[in-house]
Amino acid sequence: MTRYESAKELYASLGVDAEAALTALDGVTVSVHCWQGDDVTGFDSKEALSGGIQTTGNYPGKARTPDELMADIDKAFSLIPGKKKLNLHACYAIFEDGEFADRDALEPKHFAKWVAFAKERGMGIDFNPTFFSHPMVRENLTLSSPDKATRDFWIEHGRACIRISQYFAEETGIPCVMNIWIPDGYKDIPGDRLGPRARFRDSLDKILAEPYDKEKVYVTLESKVFGIGLESYTVGSAEFCLSYSTKAGITPLMDNGHYHPTEVVSDKISSLLLFNEKIALHVTRPVRWDSDHVVLFDDETREIAKEIVRNDALDRVFIATDYFDASINRIAAWVTGVNNVKKALLFALLQPNDKLKALQDADRLTELMVLQETLKTAPFGDVWAEYLRRTGVEADVFGAIEAYENEVLKKRI
Ligand code: RNT
Ligand code: ZN
C-alpha cells in the first residue's frame with residue numbers, strides 16, 4: 001500500500017473522500033502576483049516604491065527586464081501545481097522601440113507581450129491600476145487629492161486600466177479581475193476626514209463610468225488600515241470600501257494584512273458571502289504590521305481556506321496572493337507562498353465539513369474540538385505529495401531553485 005492509499009483510508013474513516021478533495025483542488029485557480037519577482041518595481045518608472053508599502057532585503061538576482069521576469073515566472077509556475085492566473089500591475093507595461101505612455105495614456109498594446117505570454121500558457125490575466133511610485137502622487141494622494149489635475153490624471157489611469165482589463169478578458173477568454181487600491185492618507189491627524197473620502201467616491205464614480213462588460217471584467221476595491229508614513233488616516237478604509245462596493249455593485253477585496261493585528265479575515269468571509277455574489281482576497285502574511293511576508297501554511301491561512309471551502313464558495317471567491325520579500329530567493333518566495341495557499345485549500349477540502357457543522361448545531365462542542373484537533377495531525381502531507389506526483393511537479397523545491405539560482409540568477413550582475 002502506498003502512503004497515499006493509506007492516507008486515503010484514514011481520511012475515509014473520518015468521513016472524508018481524499019480523491020474528491022484532489023479533484024476539487026485541481027479546479028481552483030490562484031491568481032499569482034507578478035510583483036514578487038522584482039520587488040514591486042515594474043518597467044515604466046524610475047521612481048522608488050511609494051504608497052506606504054515596502055520591500056526589504058537585497059537578495060541577488062532580481063528580474064530587471066520583461067524577459068527576465070517572464071523567465072522567473074515560468075520557473076516559479078513550473079513548481080506550482082494546478083491552475084494559475086497571472087496578476088499584473090499597470091507599471092509592468094512593456095514599451096518597445098523607445099516609445100512611452102504615461103499611466104493616464106496606457107493602451108492595450110502596451111500589454112500585448114503579456115497577452116502572448118499568458119495565451120501560450122493557457123492562463124488568464126488579472127490587473128491592477130498602479131496608484132503609487134509615480135510623480136503624480138502628490139503628498140501621498142491620488143484619487144482623493146484636493147488638486148483636480150491630480151485626481152483627473154488618476155481617473156484617466158483607472159479608466160485606461162478598465163479598457164486594458166477588458167482586452168485581457170477578450171484575448172484570453174477568461175474574465176479579468178481589476179483591483180483598485182489607493183495609498184491615499186495622512187501621516188498625522190487630519191483636519192478633514194470627510195473631504196478626501198468624498199473626493200475618492202467621486203473619482204471612483206468617474207472611473208466606473210467607463211463602459212465595460214461586467215461578465216468580462218470584475219472591478220474590486222481593496223481597503224486598508226494604514227501604511228508607512230500614513231499612520232493616522234487612510235482614505236480607503238474598510239468601512240469606505242465595503243460601503244462603496246455595495247452601493248456601486250462592484251466586488252469587495254480583503255487583504256489579510258490590512259486589518260488591526262488581532263482582526264482576522266477568516267472571520268469576515270462569511271459575512272461578505274451573505275451579501276455579495278463574489279468576493280476577492282489578497283492572501284498575505286502580516287507580521288506585526290502589513291509586512292507582506294511570504295504566506296506560510298499557518299493557522300490563519302488554513303482558516304481562510306476553510307471558510308471558502310465549507311461555505312461552498314470556491315467559485316465565488318477570487319483568490320490572489322500579495323506579498324513581496326526581497327530578503328530571500330524571490331522564486332522560492334513565490335512558490336512557497338502560492339503552494340501554501342493551495343495546501344491550505346487542500347487541507348480545507350480534507351475536513352468532514354458536514355460533520356463539523358452537525359456537531360456544532362447539536363451542541364456537541366467537546367466532540368467538535370476533539371475532532372478538529374485530530375484532523376490537524378491526519379496524514380495531510382501524503383495527499384499533497386500525491387497531488388505533486390499526479391501533476392508532475394518537482395517536490396524538491398529548494399533543489400530546483402538552487403540550480404536556477406546558480407545557472408541564471410547569479411549571472412544577473
Ligand atoms: C497594498 C496593497 C496592494 C499592493 C499591490 C502591489 O497595501 O496590499 O494590493 O500590495 O497592489
Ligand atoms: Zn493587497
Side-chain angles (χ1 to χ4, degrees), residues 4 6-30 223 238-239 242-243 245-246 251-256 258-283 285-286 295-320 340-384 386-387:
Y4 171 65
S6 129
K8 196 169 136 180
E9 270 187 13
L10 191 126
Y11 274 109
S13 75
L14 292 166
V16 175
D17 181 346
E19 274 303 316
L22 283 175
T23 306
L25 178 67
D26 206 44
V28 182
T29 301
V30 174
S223 67
E239 296 73 16
L242 214 43
S243 306
S245 300
T246 305
T251 300
L253 185 146
M254 295 190 289
D255 178 312
N256 63 304
H258 291 191
Y259 297 85
H260 295 284
T262 55
E263 256 186 294
V264 281
V265 160
S266 54
D267 186 58
K268 301 176 188 296
I269 291 172
S270 48
S271 299
L272 265 61
L273 283 175
L274 284 175
F275 298 101
N276 292 276
E277 183 45 39
K278 304 267 187 197
I279 68 168
L281 298 178
H282 273 182
V283 186
R285 178 165 54 107
V295 175
L296 298 183
F297 187 60
D298 58 14
D299 285 350
E300 174 59 2
T301 309
R302 286 198 298 264
E303 213 57 31
I304 287 172
K306 279 153 83 177
E307 285 299 311
I308 301 170
V309 168
R310 66 187 172 200
N311 295 322
D312 205 14
L314 278 167
D315 58 349
R316 291 174 57 202
V317 183
F318 297 116
I319 305 169
N340 280 330
V341 173
K342 296 207 169 212
K343 279 186 189 171
L345 289 164
L346 179 60
F347 186 84
L349 288 159
L350 288 167
Q351 306 286 301
N353 290 308
D354 292 342
K355 193 167 172 184
L356 295 171
K357 281 181 200 173
L359 288 174
Q360 177 172 317
D361 290 348
D363 302 333
R364 289 158 66 179
L365 302 181
T366 308
E367 215 177 324
L368 174 63
M369 186 187 77
V370 170
L371 178 56
Q372 292 201 100
E373 289 303 296
T374 301
L375 286 156
K376 281 188 184 166
T377 51
F380 163 80
D382 293 336
V383 186
W384 175 256
E386 176 68 7
Y387 186 50

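Because the structure is predicted, anything quoted here is derived from the model rather than measured.
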If you compare all heavy atoms of [X] against all heavy atoms of [Y], which two are closest, and at what distance to 0.1 Å?
{"X": "Ala344", "Y": "Ala305", "result": "O-CB, 3.3 Å"}
{"X": "Asn256", "Y": "Pro286", "result": "O-CG, 3.4 Å"}
{"X": "Leu375", "Y": "Leu350", "result": "CD2-O, 4.0 Å"}
{"X": "Gly15", "Y": "Pro352", "result": "O-CB, 4.3 Å"}
{"X": "Val283", "Y": "Val295", "result": "O-CG2, 3.6 Å"}
{"X": "Ser223", "Y": "His258", "result": "O-ND1, 2.6 Å"}

Short N-O contact, Arg310 and Glu303, less than 4.0 angstrom: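 Yes, charged N to carboxylate O under 4.0 Å.
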
Short N-O contact, Arg302 and Asp299, less than 4.0 angstrom: yes

Worked verdict on Ile308 versus Leu281 for side-chain contact (heavy atoms from CB on, under 4.5 Å): CA-CA 11 Å; Ile308 301 170; Leu281 298 178; 3.8 Å; yes

Answer yes or no: are there more than 12 heavy-atom neighbours, outside [X] itself, under 6.0 Å from its atom [atom1]?
{"X": "Asp298", "atom1": "CG", "result": "yes"}
{"X": "Asp361", "atom1": "CG", "result": "yes"}
{"X": "Asp315", "atom1": "CG", "result": "yes"}

side-chain contact (heavy atoms from CB on, under 4.5 Å) assessment of Glu307 paired with Asp267: CA-CA 8 Å; Glu307 285 299 311; Asp267 186 58; over 6 Å; no

Chi angles and distances behind the side-chain contact (heavy atoms from CB on, under 4.5 Å) call for Leu273, Ile279: CA-CA 7 Å; Leu273 283 175; Ile279 68 168; 4.2 Å; yes

Roughly how far, to the nearest 0.5 Å, is [atom2] of [Y] from [atom1] of [X]?
{"X": "Leu242", "Y": "Leu272", "atom1": "CG", "atom2": "CG", "value": "5.0 Å"}
{"X": "Asn276", "Y": "Thr251", "atom1": "CG", "atom2": "OG1", "value": "7.0 Å"}
{"X": "Ile304", "Y": "Lys306", "atom1": "CD1", "atom2": "NZ", "value": "12.0 Å"}
{"X": "Asp312", "Y": "Leu314", "atom1": "CG", "atom2": "CG", "value": "7.5 Å"}
{"X": "Leu356", "Y": "Gln372", "atom1": "CG", "atom2": "CD", "value": "5.0 Å"}
{"X": "Lys342", "Y": "Leu349", "atom1": "NZ", "atom2": "CG", "value": "12.0 Å"}

Derivation and outcome, side-chain contact (heavy atoms from CB on, under 4.5 Å), residues Met254 and Ile269: CA-CA 9 Å; Met254 295 190 289; Ile269 291 172; 3.9 Å; yes

Distance-only donor-acceptor check, side chains Tyr4 and Glu19, under 3.5 Å: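 Yes, side-chain donor-acceptor contact under 3.5 Å.
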
Whether Ser266 side chain and Glu300 backbone form a donor-acceptor pair below 3.5 Å: no

Polar side-chain atom of Thr301 near backbone of Phe297 as donor-acceptor pair, under 3.5 Å: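 Checked: no pair found.
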
Qualifying residue, where the test is side chain to side chain contact (heavy atoms under 4.5 Å, CB included) with Val383 and the options are Leu10, Val16, Leu346: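 So the option named by the test is Leu346.
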
Qualifying residue for ring-ring contact (aromatic ring centres under 6.0 Å, His included) with Phe347, from Tyr387, Trp384, Phe380: Phe380

